[in-house]
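These notes are about the structure you will find just below.
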Amino acid sequence: SYIPQYGGYCSFAVSKGFTTSIRPNNWEIVDGKLYLNYNSASYRNWAKKQKENIAKGDANWPDVLAK
């Protein structure tokens, strides 16, 4: 079983500095970690620069929760 990254919030949103909910059919496992996204468009945008967006998301987490 996998624990969602970023508290289960949308990975693309967290990479951009905010949070939003997800839909369960927009996800990917990268290096053994589960990343969820709001919809197919946010997933595609996140996946275009996946490594960069993961690094940005990691840098923004958990500070985005204060916004």
Side-chain angles (χ1 to χ4, degrees):
S1 88
Y2 295 93
I3 298 172
Q5 298 300 293
Y6 315 129
Y9 290 105
C10 174
S11 297
F12 184 65
V14 173
S15 77
K16 298 299 183 188
F18 64 97
T19 61
T20 192
S21 61
I22 58 96
R23 297 196 179 134
N25 58 340
N26 298 288
W27 58 273
E28 186 168 342
I29 295 171
V30 179
D31 296 328
K33 296 179 180 179
L34 175 61
Y35 295 89
L36 306 170
N37 282 283
Y38 174 71
N39 59 23
S40 58
S42 62
Y43 169 77
R44 285 191 307 272
N45 284 318
W46 175 79
K48 283 179 189 175
K49 295 183 178 180
Q50 188 179 76
K51 289 186 185 287
E52 181 180 323
N53 285 325
I54 289 172
K56 287 179 180 180
D58 290 349
N60 290 339
W61 187 258
D63 295 337
V64 294
L65 295 176
K67 293 181 179 183

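All heavy atoms count here, side chains included; hydrogens, waters and symmetry mates do not.
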Identified ring-ring contact (aromatic ring centres under 6.0 Å, His included) partner of Tyr35 from the options Trp46, Trp27, Trp61: Trp46
Are [X] and [Y] grouped together when hydrophobic residues (ILVMFWY) are joined by side-chain heavy atoms under 4.5 angstrom apart?
| X | Y | result |
| --- | --- | --- |
| Val14 | Tyr43 | yes |
| Ile54 | Leu34 | no |
| Leu36 | Val30 | no |
| Ile22 | Ile29 | yes |

Just by distance, with hydrogens left out, do Ser42 and Asn45 show a side-chain donor and acceptor under 3.5 Å apart? no
So which heavy atom on Asn60 is nearest to which on Gly17, and how close? ND2-N, 3.5 Å
Non-hydrogen atoms of Asn37 and Cys10 that approach each other most closely: OD1-SG, 3.6 Å
Greater than 12 external heavy atoms within 6.0 Å of Asn25's CG: yes
Tyr38 side chain to Ser11 backbone, donor-acceptor under 3.5 Å: no
Any donor-acceptor pair under 3.5 Å linking the side chain of Asn53 with the backbone of Phe12? no
Hey, what do you get for CD (Glu28) to CD (Gln50), rounding to the nearest 0.5 Å? 4.5 Å
